[in-house]
**Student:** 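Here it is: the structure, laid out below.
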Amino acid sequence: MNNKLQPAKRIRDLPPYLFKAIDDKKAALAATGKKLLNFGIGDPDLPTPDFVIAALAAEATRPANQKYPAYEGGPVFRRAVAAYMQSRFGVTLDADRQIGALIGSKEGIAHFAWAFLEEGDIALVPDPSYPVYATTARFAGAEPYFLPLREETGFFPDVSAIPDAIAERAKVLYLNYPNNPTGAVPMRGQIEEVLAFARRFGIIVLADAAYAELVYDQADRLSLLTFPGAEEVVLEMHSFSKTFNMTGWRLGFAVGNPTLVGGLTRLKTNVDSGVFDAIQLAGVAGLAHIESFLPGLLGDYRRRRDALVEVLTKFQMPFFMPRGAFYLWAHCPQGITSLDFTMRLMEHAGIVTTPGSGFGAAGEGYVRFALTQPVGVIKAMAEGLSAFRTS
Ligand code: PLP
């Protein structure tokens, strides 16, 4: 075989795909006719709202929207984002210098690494966390330094435990609240401490705000950019995916420090050609309706969370009470790995979850339930768990 056909080292070095074993098991069980209740993936089951779809349909017909879009997002989109950040978070932004459109926040996170990290840099990565931070930091040649998130500290990193020698070499610290996978939301003092640390060492804070709108208590809705001095170091990524059930549409935005937004946009002008204008304008329609739309969505997630809490409590499965995102982080029984527990739950209870170890070594001992199923399906879990107990 011609070795030149081999993927690059950065691909060969990727860790084995943990979810393959789960996918295989799922397929094998489904082939036997077993009905599975799927709490595995973080992809909303609910549809994109009509006002977004109607805006796309109208805007897609306009020839002006059918051309290459502006790399950084069109002026109407950026002005709408500025108004949104002001009204929902109290953050004032310069729409020309502090806002850039993204093809979903995953794209922004990945290209951020390429724009700002290099060989020899350290990336401070929470553990557990969305795997894209560590993977893309590695792609850019940086070395992840993992910050364990512990339940006792509300799944927030302890920056005082980071040695100065590491902090000196660190270029970025990733933060994600409301948090995937734990559902945690931080306290203000914790954020202040992280920002003071980042400013002291000149470290970029990449704030992944993909779930910013999904909080059970509106007092928990926040942007890091409201904190004094945050603008010096923060690049915050927002997404339409979870707020408006738009995962397939690929729309998000980066806001914050103008040098960081500018650097990311500069990289992107060489990689992609922006977001389809009609999709941007559909997103603008979404933002215009957010106040009437969101309470219903949050009500659904609250009912689902409460139903799951009831089931888990009944079966004496301990869990961390989530304050945001649409996940619930539950403990595995003692003496079994999260992967084995996931497999057993699937086989004996027909329940699909995600093993905590898929989010990092410190995720071991937990499984994640995504609340992307209606209450009826959540209640149906009880039957599966009864069978599981006696298996
Ligand atoms: N960040 C976190 C923490 C996520 O869980 C996800 C998706 O699940 C994303 C970012 C990516 O979202 P998108 O690229 O759809 O905006």
Side-chain angles (χ1 to χ4, degrees), residues 19 38-46 48 52 73 77 81 84 99-114 123 125-137 144 147 149 155-157 172-186 205-215 222-224 234-255 264 268 271-272 274-276 279-280 282-283 286-287 297 301 322-329 353-356 358-360 363 366 368-372:
F19 299 109
N38 195 347
F39 298 93
I41 57 166
D43 195 353
D45 57 320
L46 299 164
T48 303
V52 174
F77 177 75
V81 167
Y84 162 79
I99 299 175
L102 299 175
I103 310 168
S105 56
K106 183 178 189 178
E107 178 266 311
I109 293 162
H111 282 144
F112 159 81
W114 212 7
V125 180
D127 176 8
S129 66
Y130 184 50
V132 177
Y133 312 139
T135 309
T136 56
L147 311 176
L149 305 184
F155 294 113
F156 197 84
V172 61
L173 186 157
Y174 294 90
L175 275 191
N176 163 228
Y177 294 96
N179 183 253
N180 174 15
T182 64
V185 163
V205 176
L206 194 147
D208 177 354
Y211 299 91
E213 290 285 356
L214 302 188
V215 285
L222 62 83
S223 161
L224 256 60
V234 171
L235 182 63
E236 192 167 85
M237 308 250 174
H238 289 250
S239 173
F240 287 72
S241 289
K242 315 293 162 98
T243 311
F244 296 106
N245 305 324
M246 287 174 68
T247 45
W249 296 55
R250 315 312 303 137
L251 183 63
F253 53 87
V255 287
L264 177 59
K268 281 167 56 58
V271 178
D272 62 64
V275 179
F276 182 25
I279 289 184
Q280 292 184 41
L287 296 180
L297 184 73
Y301 285 131
R323 296 184 65 92
F326 50 46
Y327 302 109
L328 190 142
W329 193 231
T353 56
T354 305
F359 301 95
Y366 293 89
R368 188 194 75 175
F369 287 86
L371 299 172
T372 47

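Order of listing sets the numbers, starting from 1, for every ligand and every atom in it.
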**Student:** Using a 4.0 Å cutoff against the non-hydrogen atoms of S241, which atoms of ligand 1 qualify?
**Tutor:** 13 (P), 15 (O), 16 (O)
**Student:** What is the nearest protein non-hydrogen atom to atom 7 (C) of ligand 1, stated with its residue, atom name and distance?
**Tutor:** K242 NZ, 3.0 Å
**Student:** Judged by non-hydrogen atoms, does R250 sit under 4.0 Å from ligand 1?
**Tutor:** yes
**Student:** Carefully, step by step, assess V185 and L222 under the rule side-chain contact (heavy atoms from CB on, under 4.5 Å).
**Tutor:** CA-CA 10 Å; V185 163; L222 62 83; 5.6 Å; no
**Student:** Show your working on side-chain contact (heavy atoms from CB on, under 4.5 Å) between F112 and T136 and close with a plain yes or no.
**Tutor:** CA-CA 9 Å; F112 159 81; T136 56; over 6 Å; no
**Student:** Looking only at protein heavy atoms, which one is nearest to atom 11 (C) of ligand 1, and how far off is it?
**Tutor:** Y130 OH, 3.3 Å
**Student:** Hey, which of F369, Y211, Y130 is the one that makes ring-ring contact (aromatic ring centres under 6.0 Å, His included) with Y327?
**Tutor:** Y211
**Student:** Which of the atoms in ligand 1, numbered in the order shown and given with their element, are less than 4.0 Å from a heavy-atom of Y211?
**Tutor:** 2 (C), 3 (C), 4 (C), 5 (O), 8 (O)
**Student:** What are the two closest heavy atoms between S105 and H238, and how far apart are they?
**Tutor:** CB-O, 3.9 Å
**Student:** Kindly confirm or rule out an N or O of Y327 lying under 3.5 angstrom from an N or O of ligand 1.
**Tutor:** no
**Student:** If you measure from each non-hydrogen atom of A210 to ligand 1, which part falls under 4.0 Å: side chain, backbone, both or neither?
**Tutor:** side chain
**Student:** Looking at N176, which atoms of ligand 1 are within less than 4.0 Å of one of its heavy atoms?
**Tutor:** 3 (C)
**Student:** Below a 4.0 angstrom heavy-atom separation, can you tell me which part of M237, side chain or backbone, both or neither, approaches ligand 1?
**Tutor:** neither
**Student:** Going by heavy atoms, is F240 under 4.0 Å from ligand 1?
**Tutor:** no
**Student:** Give a yes or no on whether the backbone of G40 and the side-chain of R368 come within a donor-acceptor separation of less than 3.5 Å.
**Tutor:** yes
**Student:** Run F359 and Y366 through side-chain contact (heavy atoms from CB on, under 4.5 Å) and show every step you take.
**Tutor:** CA-CA 10 Å; F359 301 95; Y366 293 89; over 6 Å; no
**Student:** Are any of the side-chain heavy atoms of W114 and V271 separated by less than 4.5 Å?
**Tutor:** yes
**Student:** Which residue supplies the protein heavy atom nearest to atom 1 (N) of ligand 1, what is that atom called, and how far is it?
**Tutor:** D208 OD2, 2.5 Å
**Student:** Got a second to check how far T182's OG1 is from N176's CG, nearest 0.5 Å?
**Tutor:** 8.0 Å
**Student:** Closer than 4.0 Å to some heavy atom of G104 - which atoms of ligand 1 meet that?
**Tutor:** 14 (O), 16 (O)
**Student:** Quick one: does S105 get an N or O within less than 3.5 Å of an N or O on ligand 1?
**Tutor:** yes
**Student:** Evaluate the side-chain contact (heavy atoms from CB on, under 4.5 Å) criterion for residues F77 and V275: first the C-alpha distance (whole Å), next the side-chain angles of each, then the deciding distance (0.1 Å), finally the verdict.
**Tutor:** CA-CA 11 Å; F77 177 75; V275 179; over 6 Å; no
**Student:** Give yes or no for whether the N/O distance cutoff of 3.5 Å, strictly under, is met between S239 and ligand 1.
**Tutor:** yes
